[in-house]
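See structure below.
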Amino acid sequence: MESLHGLGTATDWVVMIVYFIGIMLFGSYFAKYNRSTNDFFFGGRRFAWWLITVSIVATGVGSHSFVKYAAKGFEHGISSTMTYMNDWFFMPLFLFGWLPIVVYTKIRSIPEYFQKRFSPSARFVATVFQLLYLLGYLGIGLLTLGKIFTPLLPVSFSIIGISIPVTLMGVIITIAIITGVYTTFGGQTAVIFTDLIQGIILLFAGFLIFLMGINYVGGFESFWHLLPPDWRLPLADFNKPSDFNFIGIFWQDGVAGSVGFLFMNMGLLMRFMSAKSVDEGRKAAVFNVLFMLPLSAIVVGNAGWIGKALTQMIPSQLNSNVNPDEVFIAVTHIIASKGVFGFVIAALTATLLSTVDSLINAIAAVYINDVHHPIKKFFNKKTGTAEHEAKQELRAARIASIVITGLGILATIPFSKYPTVYEAHGYFHSTLTPPLVTAIFLGVFWKKFTPAGVLATLLSGSSLMILGARYPALLITPFAHGTPFDPIHPYTYISALYNLIACVGIGVLVTLTYNLQKHVVERIKKLGSHSIIMTALIILIVISLLLIWFNIGSLAILFTAVILITISISLTSHYYIKYNPEVQLDGLTAWSIHRAKEIFKGGKVNEREGEVIKANWKLKNDNEDVVNVSKEDMKRMEAEVGDLVYVSDARKYLGGLKSFHSKFGEPHDEIGIIYIIEEHRLTAQFKVGKILTAEKEM
Amino acid sequence: MPSFSHSWLPFIYLYVGGGIIFFSGMYMIQKSKALDLRLNRNKWWRKVLYFGFFYFLIIHAVLIITALYW
């Protein structure tokens, strides 16, 4: 396989540096809209759907897609679009199950949901899986950045006479250090606006490459007929070859990946949570999947298709043996002029850098929220004033960020062994998402799912997955739908099906045997030595897990260990966990969304559908967080005192940037006037004389 | 001409397998009243959800026909 080097010119590097500085300054401008941690992390729940939609494009397109889909587009053609067009199946469950729960319960992280729905121990185990998932994502991001930059650099540098070769790992480490310096300005509001502009630029850059490429090969008809017939199909061959087949990708991406992306990706969820209402978040998600993803599929994959057409048309121009992960860079370099090449690479790497940077922040946030705080709470540790504690926390977050970046670099090692980023990402989705995806899914949609069920799903399910990875020919082949067995990377994609079945099977089995477990635990409790028995069961879980992790013993012994783990978890969970379904299901499953709304509002929900009114604003003297509108306007909005209200600058192109949420106070008689307090004005940065709109939320 | 296992078989599996997930999801959100059809806006959402399923089905079918016959 041929590797490229030294493609970047001086003009390209200048364009890249100017682009980076411009984007950072643009983001920093929006930091002034942050007045609380809610604003910082969640953008203050204020934005219009269209703004969220475009900002999501940079998340879906920018991260690693250009490299991996161009690679598969080059190797297999239009079917590289497959993964962008199979997300609709889970939309009903996401839009009306998970999204309202996340917004209305105000959870700040996925593990926090596990604590509310199940128990603190479920939160702890979920935190470990969530951190592994995020670290894996970080590893993929760093690996992709390394693969983009390596072709731009020479084969080696010479410093004071010493020749330093440019290696992939060397580039990754350097990028990780730069990422640490590339500070995120201004939190979520800044991220949304930076991503908004980057999303537009990325779409523009992608279509620019497509149009230049089509022109280069002599028009669309020429391009289409240069592609071999198999390259024109939108779906891959059913079950071959092993590195790209429909059935594996359906289970790995269409099922595990889609649920992982929609239900587990906190970065994406935080975008939807920054929408002004749940309905607005739904609109953003729908528009994104229906229109932006198909467009994005063309944007990210077309360099590979053009590359394939080029190899058919002028074989000398692009070596068909080129490293697939470098096809995007190689094709862009051939068809784009100097400067344009630099612009495309800058747009791509800037988005990737901010994705990687956001990931490091997200992992640090999970560490602080789900590890640091609970440990501190457990030891009841108070070290001084609130200000002193905040400083300590910030220091802990910074140290965590450094450690996380180091772990991210380590995470690239297993992924770099795969021939392409696409396969590395496929392996990542197949192995790291099923336990948590299953746990969230059953937790949200199955009321009977118990703490024992969730712990067994995570621990026993992942143990069965490890056995599958060790004995793929025996355990995964029955589910492989005839996909070829690759001894080096066995069942990269279809292993997702085995892993999902293992996790769901364990979770369902443990939950359905609830009464039996209860009966056994009650009998154990009657024994004098019940606490010793439970301690022995916990030791048994630890020993069994160690046997599986370190592969000690034959398959029969390890399989017995999984059974012992499952039984022990079921019994110890019943013994130790205080689970009250009435409280812990309240507003936390798809079956109690109405209650979630009531809890969010703090009272009875008013679902009557009213109008959006326009009004001038005036400041009032008190500091009570309510707005007052006229009786007439209240009637038009079908609103009552205490209902939630969203007030925004009436200029639609602002997308809700100047807006705030509050409650309705007692009405007055001045039609067309809305009274607000100084804090509302500061949050929304309203200007004198500008008209506002007000609408009842619930 | 590409084989059946590369053209229509993945399409059939995608929309039968995906369809089972989609229609089970629709059933679940209506049964649980998470999609409360007493509200007018939720009736609109139900139409949007069905539209999305058939929208992707038609896009994939058209792309396969184009690849095979154009």
Side-chain angles (χ1 to χ4, degrees), chain A residues 77-79 81-82 85-97 100-101 221 224-225 227-240 245-247 249-251 254-255 258-259 279 282-283 286 289-291 294 445-447 481-482 589-594 596 607-609, chain B:
Chain A
I78 311 288
S79 53
T81 56
M82 220 165 34
M85 312 258 284
N86 61 12
D87 291 290
W88 194 258
F89 307 124
F90 286 95
M91 287 301 272
L93 297 171
F94 172 69
L95 296 180
F96 288 89
I101 289 175
E221 192 155 356
W224 187 250
H225 292 289
L227 292 179
D230 279 329
W231 257 252
R232 296 180 213 151
L233 285 161
L235 301 169
D237 190 280
F238 186 71
N239 57 7
K240 59 182 187 295
N245 53 75
F246 164 79
I247 189 70
I249 291 164
F250 173 76
W251 286 102
V255 179
S258 291
V259 182
D279 246 21
R282 284 177 184 139
K283 283 182 198 165
V286 162
V289 177
L290 282 182
F291 304 108
F445 298 106
W446 195 25
K447 283 185 283 184
H481 287 70
T589 72
W591 302 86
S592 55
I593 296 290
H594 194 75
E607 297 268 30
R608 294 197 307 274
E609 292 169 40
Chain B
M1 178 70 91
S3 63
F4 177 71
S5 76
H6 193 169
S7 52
W8 290 109
L9 181 60
F11 174 82
I12 294 166
Y13 194 101
L14 181 64
Y15 287 98
V16 172
I20 291 170
I21 297 169
F22 176 80
F23 288 103
S24 307
M26 287 300 295
Y27 172 76
M28 200 182 288
I29 59 172
Q30 287 177 61
K31 173 108 177 143
S32 64
K33 296 271 187 292
L35 179 74
D36 187 348
L37 292 172
R38 286 170 300 184
L39 299 171
N40 283 332
R41 63 171 179 274
N42 282 355
K43 285 179 189 155
W44 180 79
W45 275 117
R46 184 173 65 166
K47 283 180 196 160
V48 170
L49 285 166
Y50 283 124
F51 166 78
F53 180 82
F54 292 105
Y55 166 84
F56 280 110
L57 186 145
I58 290 166
I59 287 180
H60 272 131
V62 168
L63 286 174
I64 292 171
I65 291 165
T66 310
L68 293 177
Y69 303 109
W70 185 55

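Being a predicted model, the structure only gives us computed values, none of them experimental. To find a chain, count down the sequence lines: A is the first, B the second, and so on, and within it residues start at 1.
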Which region of [X], side chain (C-beta onward) or backbone (N, CA, C, O), has a non-hydrogen atom less than 4.5 Å from a non-hydrogen atom of chain A, or is it both or neither?
{"X": "B/Tyr55", "result": "side chain"}
{"X": "B/Arg46", "result": "neither"}
{"X": "B/Leu49", "result": "both"}
{"X": "B/Ser24", "result": "neither"}
{"X": "B/Asp36", "result": "neither"}
{"X": "B/Phe11", "result": "both"}
{"X": "B/Ile20", "result": "neither"}

Measuring heavy-atom distances to chain B, does [X] have an atom under 4.5 Å in its side chain, in its backbone, in both, or in neither?
{"X": "A/Phe94", "answer": "neither"}
{"X": "A/Trp231", "answer": "neither"}
{"X": "A/Leu95", "answer": "side chain"}
{"X": "A/Asn239", "answer": "neither"}
{"X": "A/Glu609", "answer": "side chain"}
{"X": "A/Trp446", "answer": "neither"}

Problem - Check: A/Phe238 ring centre within less than 6.0 Å of B/Phe4 ring centre - result: no
Practice task
Assert yes or no for the condition that the ring centre distance of B/Trp70 to A/His225 is strictly below 6.0 Å.
Solution key: yes
Fill in the blank from the handout: Separation between OG1 (A/Thr81) and CG (B/Leu63), nearest 0.5 Å, reads 7.0 Å
Below 4.5 Å, heavy-atom pairs only: which of [options] has the largest tally toward chain B?
{"options": "A/Pro228, A/Pro294, A/Ala236", "result": "A/Ala236"}
{"options": "A/Lys283, A/Arg608, A/Met91, A/His594", "result": "A/Lys283"}
{"options": "A/Val289, A/Leu233, A/Ile593, A/Leu93", "result": "A/Leu233"}
{"options": "A/Gly97, A/Pro229, A/Pro234, A/Ser592", "result": "A/Pro234"}

Are the side chains of [Y] and [X] in contact, using a 4.5 Å heavy-atom criterion?
{"X": "A/Met82", "Y": "A/Leu235", "value": "yes"}
{"X": "A/Val255", "Y": "A/Phe89", "value": "no"}
{"X": "B/Ser3", "Y": "A/Asp237", "value": "yes"}
{"X": "B/Lys33", "Y": "A/Phe96", "value": "no"}
{"X": "A/Arg232", "Y": "B/Pro2", "value": "no"}

Problem - Whether over 12 other heavy atoms sit under 6.0 Å from B/Tyr27 OH - result: no
Completion exercise
Interface check, chain A: of B/Ile59, B/Asn42, B/Asn40, B/Leu68, most non-hydrogen pairs under 4.5 Å belong to B/Asn40
Practice task
Tell me, out of B/Ser32, B/Ala67, B/Ser7, who's got the most heavy-atom pairs with chain A below 4.5 Å.
Solution key: B/Ser32
Exercise for the section: Could you walk me through whether B/Trp45 and B/Leu39 pass the side chain to side chain contact (heavy atoms under 4.5 Å, CB included) test, one step at a time? Expected result: CA-CA 10 Å; B/Trp45 275 117; B/Leu39 299 171; over 6 Å; no
Problem - Worked verdict on B/Tyr15 versus B/Phe56 for ring pair (Phe, Tyr, Trp, His ring centres under 6.0 Å) - result: CA-CA 9 Å; B/Tyr15 287 98; B/Phe56 280 110; 8.3 Å; no
